[in-house]
Amino acid sequence: MGKFSSDLILWYKENKRDLPWRRTSEVYRVWVSEIILQQTRVNQGINYYLTLTEAFPTVHHLARASEDEVLKLWQGLGYYSRARNMHAAAKYVSQELNGVFPDTFDGLLKLKGIGPYTAAAISSICYNQPHTVVDGNVFRVLTRIYGVETAINTSQGKKQIEELAQSLNDGKAYGDFNQAIMEFGALHCTPQLPACQCCIFSDTCWALQHNKVHLLPVKEKKLQVKKRYLNFIVLFNKEEQTVIQRRNHNDIWRGLYQYPLIETTQVISPQNLLNTDELRELTAQQDIHLISEYSFKHQLTHRRLIINILNIQIPSLAHLTSPQYQLIKTDQVNKYAFPKPLSRIFNETPKHRL
DNA sequence: AAAGCGGGGTG
DNA sequence: CACCCAGCTTT
């Protein structure tokens with residue numbers, strides 16, 4: 001075993017965190033943790049892991065749940081296709097594989113929501129197979145220590161790090177190596193302010209010796225943040241009913257619920273909104289009463305959302321008979337999974353209704 | 001190859 | 001504010 005892997009694994013054994021999914025060897029639980037941790041920090045995922053594994057102790061429990069139930073528990077974590085894919089994969093494993101997860105890299109790769117990273121993680125952690133993970137931590141740690149200045153968001157840069165990582169994972173503890181390098185990136189070789197003063201690799205780290213730690217890894221393009229203007233219409237009648245709908249198109253928040261939405265290409269005033277054809281259709285030209293309206297911004301990684309909320313009292317909701325609409329009591333909105341910017345207004349909305 | 005998909009933490 | 005996180009899927 002090379003010096004890099006032996007030093008790294010030794011560091012890991014002394015510094016690793018006590019995390020819930022490290023207390024089990026069940027593939028199901030490791031799988032759930034890996035899906036949660038895709039593009040998500042450990043601290044953000046822990047409570048979701050505990051909640052989900054308590055609600056669904058086995059893959060069969062998860063498979064028997066409805067997609068709405070799974071999404072409700074996933075509410076607030078983001079990247080909701082993970083929850084939908086995880087649920088679909090659970091049904092497949094439960095029904096077609098008799099509840100037994102595939103035990104090979106290629107078999108795991110066939111499950112929805114499992115890509116090269118997750119297949120390598122599960123096969124190495126659960127079965128100690130010789131596959132090597134390449135995630136954001138691995139890119140950072142290896143480009144710095146080995147001085148790789150190729151942009152990591154190119155196929156060439158990816159391939160370079162994959163081969164380097166694979167060659168370094170040369171011991172027999174493949175799963176430990178993978179967890180060790182990710183833990184090292186998360187706790188020590190961090191994106192900002194890495195702890196280079198007390199680093200076990202300070203003697204050999206290329207970036208430290210060339211004073212380029214903060215410049216690695218190299219990324220080529222920046223993402224573009226586009227704006228979207230979302231106007232949500234909260235309708236309610238004297239019986240304290242309201243109407244919601246499920247987002248079923250291929251867009252953000254797919255599978256979650258929302259109040260009827262009027263999306264515009266630019267800022268629109270509440271008064272102009274009231275005059276749109278879409279709103280006339282929603283209200284069926286009834287004598288409505290605009291109780292309140294307010295606006296706020298919601299920042300996603302690659303979108304800036306400008307959100308309007310219109311609270312409208314309306315005599316009747318009986319005209320909204322299309323199957324896309326669901327009439328519910330206003331105190332039942334908490335039963336459904338809502339996007340963060342909508343779930344956060346639940347506690348504010350009732351005040352505006354008085 | 002590039003775009004789309006959330007929400008939160010950090011400096 | 002910019003950048004990043006135990007990435008995957010679709011275009």
Side-chain angles (χ1 to χ4, degrees), chain A residues 12 16-17 19-22 30-49 71 74-86 88-89 108-122 124-125 131-141 151-159 162 165 175 177-187 189-194 214-226 228 247 249-256 297-305 337-344:
Chain A
Y12 177 63
K16 71 173 181 180
R17 289 167 287 184
L19 300 173
W21 46 87
R22 288 186 178 152
V30 172
W31 168 65
V32 171
S33 78
E34 290 298 342
I35 302 298
I36 289 175
L37 293 174
Q38 289 168 2
Q39 290 289 285
T40 302
R41 287 171 205 278
V42 164
N43 286 338
Q44 191 187 357
I46 287 181
N47 284 339
Y48 284 90
Y49 171 84
L71 283 169
W74 202 273
Q75 173 178 303
L77 191 56
Y79 284 158
Y80 298 94
S81 65
R82 292 182 295 174
R84 292 185 290 106
N85 287 333
M86 181 179 77
L108 289 162
L109 208 50
K110 289 190 172 67
L111 300 182
K112 281 189 180 180
I114 293 188
Y117 162 79
T118 307
I122 296 175
S124 67
I125 293 172
H131 298 284
T132 301
V133 299
V134 180
D135 75 332
N137 294 302
V138 176
F139 277 121
R140 188 171 56 257
V141 170
I152 61 168
N153 53 352
T154 62
S155 53
Q156 195 196 354
K158 282 191 183 70
K159 190 181 172 197
E162 277 167 16
F177 176 94
N178 286 335
Q179 296 199 71
I181 193 169
M182 292 191 286
E183 192 83 335
F184 186 75
L187 297 181
C189 193
T190 49
Q192 309 171 77
L193 299 184
H214 62 292
L215 297 177
L216 290 172
V218 175
K219 283 193 179 178
E220 249 170 17
K221 316 129 196 144
K222 292 194 216 182
L223 58 85
Q224 256 212 72
V225 178
K226 297 173 184 169
R228 288 180 72 170
R247 293 178 63 89
H249 40 298
N250 203 0
D251 193 6
I252 58 173
W253 303 323
R254 182 170 184 180
L256 275 60
K297 296 173 171 56
H298 185 77
Q299 187 69 47
L300 305 179
T301 296
H302 52 291
R303 292 289 180 271
R304 185 164 182 81
L305 307 179
F338 277 81
K340 199 69 176 178
L342 291 181
S343 67
R344 81 167 227 210

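All values derive from a computational prediction rather than experimental measurement. Reminder, nothing fancy here: chain letters follow the sequence lines and each chain counts from 1.
Remark: side-chain polar atoms of A:R22 are paired, donor with acceptor, to backbone N or O of A:R17 under 3.5 angstrom. Judged by distance alone, with hydrogens and angles left aside, the side-chain atoms of A:N153 form no donor-acceptor pair with the main-chain N or O of A:K219 at under 3.5 Å. The main-chain N or O of A:L216 is never found under 3.5 Å from a side-chain atom of A:R140 such that the two would form a donor-acceptor pair. For A:S124 (side chain) and A:A120 (main-chain N/O), a donor-acceptor pair under 3.5 Å exists by modelled atom type. With hydrogens and angles ignored, the 3.5 Å screen pairs no side-chain donor or acceptor of A:R303 with any backbone N or O of A:L300.
Among the heavy atoms of the strands, none lies under 4.0 Å from A:Q299. If you check every strand for non-hydrogen atoms under 4.0 Å, A:N178 touches nothing. Residue A:R84 is out of contact with every strand shown, counting any heavy-atom pair closer than 4.0 Å. Using a 4.0 Å heavy-atom criterion, one finds that A:K226 contacts the sugar-phosphate atoms exclusively. Within the 4.0 angstrom heavy-atom criterion, only backbone atoms of the sugar-phosphate kind lie near A:S155; the bases stay farther away. Contact annotation for A:R303: backbone-only contact, meaning every heavy-atom pair under 4.0 Å involves sugar-phosphate atoms and none involves a base.
Evaluation of atom-type donor-acceptor distances gives a pair under 3.5 Å for the side chain of A:T40 against the base of B:dG6. If you check distances only, the side chain of A:Y117 never reaches the base of C:dG7 with a donor-acceptor pair under 3.5 Å. Contact of A:T118 with C:dG7 (side chain to base): no donor-acceptor pair of N or O atoms is detected under 3.5 Å. The base of C:dC4 is paired with the side chain of A:R41 by a donor and an acceptor separated by under 3.5 Å.
The phosphate of B:dG4 has neither OP1 nor OP2 within less than 4.0 Å of any side-chain N or O from A:Y79. In this model, the phosphate group of C:dA6 is not approached by any side-chain N or O of A:W21 to a distance below 4.0 Å at OP1 or OP2. Regarding contacts with the backbone of C:dC5, every side-chain N or O of A:Q39 stays at 4.0 angstrom or more from both OP1 and OP2. OP1 or OP2 of B:dA1 has not a single side-chain nitrogen or oxygen of A:K158 nearer than 4.0 Å.
Separating the CZ atom of A:R82 from the P atom of C:dC8 is a distance of 11 Å, rounded to the nearest angstrom. Atom CG of A:N153 and atom P of C:dC4 are 10 Å apart (whole Å). Per the geometry, CG belonging to A:L256 stands 13 Å off P belonging to B:dC5, to the nearest Å. Note: CD1 (A:I36) to P (C:dC8) measures 15 Å, nearest angstrom. Rounding to whole angstrom units, CG of residue A:L187 and C1' of C:dC5 are separated by 13 Å. The interatomic distance linking A:H298 (NE2) with B:dC5 (P) rounds to 13 Å, in whole Å. Residue A:L108 contributes atom CG, which lies 12 Å from atom P of C:dC8 at whole-angstrom precision. One can place CD of A:Q224 at 9 Å from P of B:dG4, the figure rounded to the nearest angstrom.
Distance from the side chain of A:L300 is smallest for B:dG6 among the nucleotides C:dT9, C:dA6, B:dG6. Nearest nucleotide to the A:R22 side chain, out of C:dC8, B:dG6, C:dA6: C:dA6. With C:dG7, B:dG8, C:dA6 as the candidates, the nucleotide lying closest to the side chain of A:Q44 is B:dG8. In the set B:dG6, C:dC4, C:dC8, C:dC4 carries the atom at the smallest distance from any side-chain atom of A:R140. Relative to the side chain of A:N250, the nucleotides C:dA6, C:dT10, C:dC5 differ in distance, and C:dT10 lies closest. Side chain of A:Q179, nearest nucleotide from C:dA6, B:dG7, B:dC5: C:dA6. The side chain of A:R304 lies closest to C:dC1 when the candidates are C:dC1, B:dG7, B:dC5.
Distance noted for atom C1' between B:dG8 and C:dT9: 23 Å (whole Å). Going from the C1' atom of C:dC5 to that of B:dC5 covers 14 Å, rounded to whole Å. For the C1' atom pair drawn from C:dA6 and B:dA3, the interatomic distance equals 23 Å after rounding to whole Å.
The two residues A:H131 and A:N178 make their nearest non-hydrogen contact at O-ND2, 2.9 Å.
Aromatic rings of A:Y49 and A:W21 (six-membered ring for Trp) have centroids within the 6.0 Å cut-off, being under it.
Here the CD1-CG distance, from A:I122 to A:L111, works out to 8.0 Å after rounding to the nearest 0.5 Å.
Residue-to-nucleotide proximity on DNA chain B shows that, of A:H302 and A:Q156, the 5′-proximal contact is made by A:Q156. Mapped onto DNA chain B by nearest heavy atom, A:Q192 and A:G76 fall at different nucleotides, with A:G76 at the one closer to the 5' end.
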